[in-house]
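Notes follow the structure.
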Amino acid sequence: MDVTNLADLYDLPLLDWAAIQARLDAGFTQAPGSGGPDRHTCWLTTINADGSPHVTGIGALYIDGVFWFETGERTRKARNIARDPRCALSLALDEYDLVVEGRANQVTDPPTVAAMATHWSADGWPARVDESGRALTAEFSAPSAGPPPWHVYRITSSAATALQTVEPGGASRWRF
């Protein structure tokens, strides 16, 4: 892993990726009043066919060192990822503002899809595996997810940038 201190100019310390991972592992919720700017929202940026960015809020999870999200196959983010899997995910936590760059890939492995349904359900969204075993369904999802079935995506990170929002502060970038 290659790391760059982006706050060298201010004599701030290099941030520790393990501390950021530990914070992500502790979990984050989108419930109002639960932290961040009144809550934690993940924003996913994909690339439109014309090269412009498409940014949308998503209900991502961070499980075992990986960000996961779901969406319907007809959504713009799913169509963009099918054409070009490069993406970025941003998240404001109490201690850090974080951007992760990487590639999103659809996951259709039934045990993995079932495990992710369990995680989302435990986090408050009553997702379950659909009859195909390769996608999710539920009574509802975010309007930006489109109609069910919803497919699971895994982001394989290639880089991350974090700004520490509490003392002593700092900013670092990692390439994985």
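Residues V3 and V100 fall within the same hydrophobic cluster, defined by Ile, Leu, Val, Met, Phe, Trp and Tyr side chains chained together at heavy-atom separations under 4.5 Å. Under a hydrophobic-cluster definition in which Ile, Leu, Val, Met, Phe, Trp and Tyr are linked whenever side-chain heavy atoms come within less than 4.5 Å, directly or via other members, W174 and V66 are assigned to different clusters. Residues M116 and Y153 are members of separate hydrophobic clusters, defined by side-chain heavy-atom contacts under 4.5 angstrom among Ile, Leu, Val, Met, Phe, Trp and Tyr. Tracing side-chain contacts under 4.5 Å through hydrophobic residues (I, L, V, M, F, W, Y), one never reaches L12 starting from Y96; they form parts of separate clusters. At a threshold of 4.5 Å between side-chain heavy atoms, the hydrophobic network of Ile, Leu, Val, Met, Phe, Trp and Tyr places M1 and L6 in two separate groups.
Of the possible donor and acceptor atoms, none in the side chain of S172 sits under 3.5 Å from a partner among the backbone N and O of N5. Within the 3.5 Å criterion, the main-chain N or O of N48 finds a donor-acceptor partner in the side chain of R83. Counting only distance, with no hydrogens or angles, the side chain of T112 and the backbone of T108 share no donor-acceptor pair below 3.5 Å. Here the side chain of D130 pairs a donor or acceptor atom with the backbone of G133 at under 3.5 angstrom.
Separation of atoms CZ (R79) and CD (E73) is listed at 11.0 Å; rounding is to 0.5 Å. To the nearest 0.5 Å, atom CZ of residue R23 and atom CD of residue E95 are 4.5 Å apart. One distance of note links CG of L24 with CG of L61; it measures 11.5 Å at 0.5 Å rounding.
Nearest heavy atom pair, residue S141 against residue W150, reads CB-CZ2, 3.3 Å. For the pair I81 and T46, the tightest heavy-atom approach, listed with the atom from each and the gap, is CG1-CG2, 3.8 Å. Scanning both residues, L98 and A162, for their nearest heavy atoms gives CD1-CB, 4.1 Å. P13 approaches P168 most closely through the heavy-atom pair CG-CG, 4.0 Å. The two atoms that bring P85 and N105 nearest to each other are CB-OD1, 4.3 Å, heavy atoms only. In plain terms, the two heavy atoms of G169 and Q164 that are nearest each other are O-OE1, 3.1 Å.
By the 4.5 Å heavy-atom criterion applied to side chains, T165 and D97 are counted as neighbours. F69 places none of its side-chain heavy atoms less than 4.5 Å from the side chain of C42. Considering only heavy atoms from C-beta on, I58 comes within 4.5 Å of L89 through its side chain. Residues R86 and S158 form no side-chain contact, since every pair of their non-hydrogen atoms from C-beta on lies 4.5 Å or further apart. For the pair I47 and N80, the minimum side-chain heavy-atom distance is 4.5 Å or more. Between V129 and P110, every side-chain heavy-atom pair lies at or beyond the 4.5 Å cut-off. Between R173 and E101 there is a side-chain heavy-atom pair separated by less than 4.5 Å.
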Salt bridge (Lys or Arg N to Asp or Glu O under 4.0 Å) assessment of R128 paired with E139 | CA-CA 10 Å; R128 62 188 180 279; E139 298 305 313; 3.5 Å; yes
Exercise. Might you work through the side-chain contact (heavy atoms from CB on, under 4.5 Å) test for T45 and S90, ending with a clear yes or no?
Key: CA-CA 8 Å; T45 304; S90 61; 5.9 Å; no
- Worked verdict on T71 versus T56 for side-chain contact (heavy atoms from CB on, under 4.5 Å): CA-CA 11 Å; T71 194; T56 189; over 6 Å; no
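Enclosure of atom OH in Y10 is not indicated, since only 12 or fewer non-hydrogen atoms of other residues, nucleotides or ligands lie within 6.0 angstrom. Other residues, nucleotides and ligands contribute only 12 or fewer heavy atoms inside 6.0 Å of the CZ atom of R175.
With sequence neighbours left out, W43 forms a ring pair (Phe, Tyr, Trp, His ring centres under 6.0 Å) with no residue at all.
Between W120 and W125, the two ring planes are perpendicular [angle over 60°; tilted spans 30° to 60°].
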